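Worksheet for the structure shown next.
These figures come from a predicted structure and were not determined experimentally. Along the sequence shown, residues are numbered consecutively beginning with 1.
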Amino acid sequence: MPNSRIAYLACTAAIVGAGLGAAPPAGHALHVVKPGESIQRAVDAAEPGDTVLVSLGTYHESVTVSTPGLTLRGMGRGTVVEPGTRKAAAGCAADGNGICVTGTAGHPLTDVTVASLTVSGFSHDGVHAAYTDRLTVRGVTAVRNGVWGIAQEQSVRGTFRGNTARDNGDAGLFLANSVAEEQGATDTDGTVVEHNRLEGNRIGVTVRRLRDLTVAHNHLTGNCAGVFVVGDENKPKAGALTVRDNQVVANNKSCPKTARLFALQGSGIVLTGTEDTQVTGNEVRDNVGESPASGGIVLLKSLVGATNDRNRITGNHLEGNSPADLVDTETGGANTFQDNTCRASRPAGLC
């Protein structure tokens, strides 16, 4: 065994004894990064199954993870990753991202974990993942990044749990089939977005052109829109999703229109161009605005005219939303509204 790996293993007991984190699995190394040292250098030295533990402090760099089974873990919000001062020619930093977890179309990157750190101030995304399988992002605080706080595309079986995404330029959490290409919805094989706190973003959670995904037990407030489930005319259609047991409260920030979307304000949960989606058990209140998507739970055609079909809106508690608690802007899609607690709907009779 190389001397460097022996040294990393030898320090594991001391690190765990000091309460800085759990030991990696037996036979794997723990790489400890201290302020003034390079996270990327430790990541590059790690082998599959190793853990890179980043001590409290601020680190001015971008980090690319391409090793399967790697855990990149900080020591809580006080482990901060911010942009560096050097201009990168290519890669994660050049794209304006903080932490990139990247596989390829033919060889997805498996079983990576990013946990317990803050990523802040990047011009594009705090954390960006592409072509991954069983990625876990937990306990990450993504703050004031230019586009998305935490984003994933072309990936399956992800878990996003216990994160905070605040004041990011677009979505706090963004999940899509592909960022750059127009194509039908892809199956995530059960990706889960749960127990996250999403505040002050343009949109709390965006799910775009995906199937088989659950958004549950999240707290969304102070965004322009809470949850946006987006489909279009491509096939297969977006849907077969579950949005349940979320608190979606006072998402009344005002956001101007963009090239892709009209102005937003006061939107709780929005379905557009989606089929066979279950929206249930959510608390949706005090979302107020005058956007086409304003209201508590809103169904509307996509910008390219794709309809919502066979969605079930059941067992939600709604109050204080305007222009209405339930809004269905289309007819004929066989969408079902049942057992919801609410006062006003458009059209009347949905409550």
Side-chain angles (χ1 to χ4, degrees), residues 65 68-72 99-105 107-115 125-140 142 148-165 168 170-181 183-198 201 203-220 226-232 234 236-246 248 269-282 311:
V65 177
L70 182 75
T71 295
L72 174 61
I99 298 173
C100 296
V101 183
T102 309
T104 64
H107 296 89
L109 186 61
T110 59
D111 298 307
V112 169
T113 296
V114 179
D125 305 342
V127 177
H128 187 94
Y131 298 107
T132 67
D133 185 356
R134 295 188 298 271
L135 170 70
T136 297
V137 181
R138 68 170 185 267
V140 168
W148 301 312
I150 300 168
Q152 175 177 273
E153 61 171 320
Q154 303 282 18
S155 298
V156 295
R157 294 186 284 188
T159 299
F160 300 83
R161 179 180 293 122
N163 303 291
T164 298
N168 297 286
D170 195 82
L173 269 166
F174 178 85
L175 298 101
N177 57 349
S178 172
V179 170
E181 299 178 16
Q183 56 183 235
T186 55
D187 197 314
T188 74
D189 291 339
T191 289
V192 175
V193 178
E194 63 180 6
H195 296 290
N196 301 287
R197 189 171 186 92
L198 306 148
N201 308 287
I203 301 171
V205 176
T206 297
V207 177
R208 193 172 84 188
R209 296 187 300 221
L210 291 176
R211 300 180 68 85
D212 189 14
L213 181 146
T214 298
V215 179
H217 298 288
N218 302 285
H219 184 80
L220 306 103
V227 179
F228 236 91
V229 182
V230 183
D232 55 27
N234 290 294
K237 196 171 184 177
L241 307 166
T242 301
V243 181
R244 63 177 176 83
D245 302 316
N246 300 284
V248 188
I269 299 171
V270 180
L271 305 185
T272 173
T274 303
E275 67 181 13
D276 299 316
T277 291
Q278 177 85 5
V279 180
T280 185
N282 300 283
N311 301 290

Quick one: which residue pairs count as a salt bridge (charged side-chain N to carboxylate O under 4.0 Å, His left out) with a foot in residues 183-192, not counting sequence neighbours? none
Within this structure, what is the CG-CZ distance for the pair D111 and R134, rounded to the nearest 0.5 Å? 4.0 Å
In Å and rounded to the nearest 0.5 Å, what is the CZ to CG distance from R208 to L175? 11.0 Å
For the CG atom of L241 and the CD atom of E275, what is their distance to the nearest 0.5 Å? 9.5 Å
Under the 3.5 angstrom rule, does the side chain of N163 hit a backbone N or O of G139 as a donor-acceptor pair? yes
Test side chain to side chain contact (heavy atoms under 4.5 Å, CB included) applied to V101 and V137, L70, V114, T113, the passing residue: V114
Take Q152 and H128, measure what side chain to side chain contact (heavy atoms under 4.5 Å, CB included) needs, and give me the verdict at the end. CA-CA 6 Å; Q152 175 177 273; H128 187 94; over 6 Å; no
What's the separation between atom NE2 in H195 and atom NE2 in H219, rounded to the nearest 0.5 Å? 14.0 Å
Distance-only, no hydrogens or angles: does the N177 side chain make a donor-acceptor pair with backbone N or O of Q183 under 3.5 Å? yes
Assess whether atom CZ of R138 is packed by more than 12 heavy atoms of other residues, nucleotides or ligands within 6.0 Å. no
Looking at CG of N246 and CG of L198, how far apart are the two atoms once the value is rounded to the nearest 0.5 Å? 9.0 Å
Under the 3.5 angstrom rule, does the side chain of N311 hit a backbone N or O of V279 as a donor-acceptor pair? no
Do T188 side-chain atoms and D212 backbone N/O form a donor-acceptor pair below 3.5 Å? yes
CG of L213 to CZ of F160, rounded to nearest 0.5 Å, is 9.0 Å
Applying ring pair (Phe, Tyr, Trp, His ring centres under 6.0 Å) to F174 and not counting sequence neighbours gives W148
Salt-bridge criterion met for E153 and R209 (N-O under 4.0 Å): no
Side chain N201, main chain A165, donor-acceptor under 3.5 Å: yes
Side-chain (S155) to main-chain (Y131) donor-acceptor, under 3.5 angstrom: yes
Atom of V156, atom of T191 and distance for their closest heavy-atom approach: C-OG1, 4.0 Å
